[in-house]
Amino acid sequence: MQQSGAAGGRGCALFPLLGVLFFQGVQVVLSLEIKADAHVRGYVGEKIKLKCTFKSTSSVTDKLTIDWTYRPPSSSRTESIFHYQSFQYPTTAGTFRDRISWVGDVYKGDASISISSPTLKDNGTFSCAVKNPPDVHHNIPVTELTVTERGFGTMLSSVALLSVLVFLPSAVVVVLLLVRMVRKSEGLQKMSKSGYKKSSIEVSDETGQEEGDDCMARLCVRCAECLDSDYEEAY
């Protein structure tokens with residue numbers, strides 16, 4: 001009750017979790033509920049999705065509109081960056097010119113957009129507003145976007161993943177070759193002790209096996225060279 005009184009004193013207060021709006025002390029049930037991520041983190045040059053969903057008590061019609069606005073940090077100036085009504089109209093001017101794309105679906109309650117080639121200058125507050133007449137009462141959620149450069153730790157993790165993908169198969173091949181060579185050596189020692197002589201067919205088979213082992217060894221060396229090359233290119 002104290003919250004209601006405080007809201008009435010300020011004129012208008014919003015309680016989106018309750019789905020109600022207090023206007024001049026009068027409780028109004030929201031007929032349109034909008035949700036968006038409070039915080040989104042992205043990296044320079046990598047596409048970022050700003051998610052926004054809505055629920056309306058009325059069916060979607062061609063009167064439904066969606067508006068995304070942007071406010072730079074430490075500024076009260078807002079900029080319209082996207083408008084939707086039956087068709088998408090991304091901004092054709094300003095900081096986000098030709099960089100806003102529609103990735104939503106109004107019939108699924110999705111009003112999301114994406115930003116391509118983001119920069120550090122894109123940091124700020126984004127607002128998603130949806131209107132679906134006759135639904136007129138709704139909240140307007142905001143999303144704080146933080147764009148940063150990928151750090152050394154992130155680059156290192158990518159190189160480590162690439163190393164595992166290249167090195168692991170090579171390591172498996174090397175282990176199999178070692179096991180095969182050990183078994184072959186043990187077999188030769190046993191035959192040598194027993195005075196066994198190889199036939200011409202066995203000699204031919206062993207020659208083919210040695211060639212196969214040599215090919216596998218060259219493959220392992222090539223994989224190691226590829227790994228060194230990828231590691232150097234990453235840095």
Side-chain angles (χ1 to χ4, degrees), residues 3-42 46-73 75-119 121-147:
Q3 290 179 337
S4 300
R10 289 193 299 269
C12 179
L14 179 64
F15 296 82
L17 294 179
L18 299 178
V20 297
L21 181 71
F22 287 92
F23 182 74
Q24 295 182 350
V26 179
Q27 178 178 323
V28 180
V29 178
L30 293 177
S31 54
L32 184 62
E33 182 181 6
I34 309 172
K35 294 182 179 180
D37 294 330
H39 301 280
V40 172
R41 179 176 293 275
E46 300 181 21
K47 183 175 291 188
I48 299 173
K49 180 179 180 180
L50 299 181
K51 188 176 181 180
C52 177
T53 59
F54 63 91
K55 290 182 180 180
S56 176
T57 58
S58 302
S59 300
V60 173
T61 67
D62 56 2
K63 294 182 179 180
L64 180 142
T65 61
I66 299 172
D67 287 283
W68 278 89
T69 58
Y70 165 73
R71 179 169 57 83
S75 174
S76 58
R77 178 182 59 84
T78 60
E79 173 186 351
S80 176
I81 62 173
F82 181 85
H83 175 74
Y84 177 95
Q85 186 171 8
S86 298
F87 193 76
Q88 55 267 25
Y89 301 94
T91 183
T92 57
T95 305
F96 296 94
R97 178 182 177 180
D98 299 328
R99 296 198 295 126
I100 302 297
S101 299
W102 169 249
V103 294
D105 186 340
V106 294
Y107 296 101
K108 294 182 179 180
D110 191 348
S112 305
I113 61 173
S114 67
I115 304 174
S116 59
S117 304
T119 68
K121 295 181 180 181
D122 295 339
N123 289 332
T125 304
F126 294 79
S127 300
C128 174
V130 182
K131 295 182 180 180
N132 186 34
D135 292 353
V136 294
H137 300 295
H138 62 86
N139 61 309
I140 301 179
V142 297
T143 298
E144 294 292 337
L145 175 63
T146 303
V147 181

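Note that the structure is predicted; figures quoted are calculated from it, not measured.
Put simply, the side chain of Thr69 does not reach to within 4.5 Å of the side chain of Ile81, judged on heavy atoms. Arg77 has its side chain within reach of Pro72: a pair of non-hydrogen atoms, C-beta onward, lies under 4.5 Å apart. Between Asp122 and Thr95, the closest side-chain pair of non-hydrogen atoms falls below 4.5 Å.
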Open item on the list: Pair Ile48, Glu46 - check side-chain contact (heavy atoms from CB on, under 4.5 Å), show working.
Closed with: CA-CA 6 Å; Ile48 299 173; Glu46 300 181 21; 5.9 Å; no
Open item on the list: For a side-chain contact (heavy atoms from CB on, under 4.5 Å) check, start with the C-alpha distance between Ile113 and Ile66, then their side-chain angles and the critical distance, and finish with the verdict.
Closed with: CA-CA 11 Å; Ile113 61 173; Ile66 299 172; over 6 Å; no
Task: CA sep, side-chain torsions, deciding dist, call: Thr146, Val40, side-chain contact (heavy atoms from CB on, under 4.5 Å) - done: CA-CA 6 Å; Thr146 303; Val40 172; over 6 Å; no
TODO: Test side-chain contact (heavy atoms from CB on, under 4.5 Å) on Arg71 and Ser127 and set out the steps.
DONE: CA-CA 8 Å; Arg71 179 169 57 83; Ser127 300; over 6 Å; no
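To the nearest 0.5 Å, the span separating CD on Glu144 from OG1 on Thr125 amounts to 3.0 Å. Distance OG1/Thr53 to CG/Asp105: 12.5 Å, rounded to 0.5 Å. Atom OG1 of Thr91 is separated from atom CZ of Arg97 by 9.0 Å, given to the nearest 0.5 angstrom. Rounding to the nearest 0.5 angstrom, the gap separating the CZ atom in Arg99 from the OG atom in Ser117 is 7.0 Å. Annotation: the span from Trp68 atom CH2 to Cys52 atom SG amounts to 5.0 Å, rounded to 0.5 Å. The line from CD of Glu33 to NZ of Lys35 is 5.0 Å long, rounded to the nearest 0.5 Å.
Relative orientation of the Tyr84 and Trp102 rings is parallel, given thresholds of 30° and 60° on the angle between their planes.
Residues that satisfy the side chain to side chain contact (heavy atoms under 4.5 Å, CB included) test with Thr61, not counting sequence neighbours, are Lys63, Asn132. For the ring-ring contact (aromatic ring centres under 6.0 Å, His included) test, no residue two or more places apart in sequence or in another chain qualifies with Tyr107. Contacts of Phe54 classified as ring-ring contact (aromatic ring centres under 6.0 Å, His included), with partners at least two apart in sequence or in another chain: none.
The shortest non-hydrogen separation linking Ala93 to Glu79 is O-OE2, 4.1 Å. The nearest pair of heavy atoms linking Ser116 to Asp98 is OG-O, 4.3 Å. Nearest approach of Val103 to Lys49, heavy atoms of both residues: CG2-CE, 4.2 Å.
Between the side chain of Asp67 and the backbone N or O of His83 there is no donor-acceptor pair closer than 3.5 Å.
A donor-acceptor contact closer than 3.5 angstrom links the side chains of Asp135 and Thr57.
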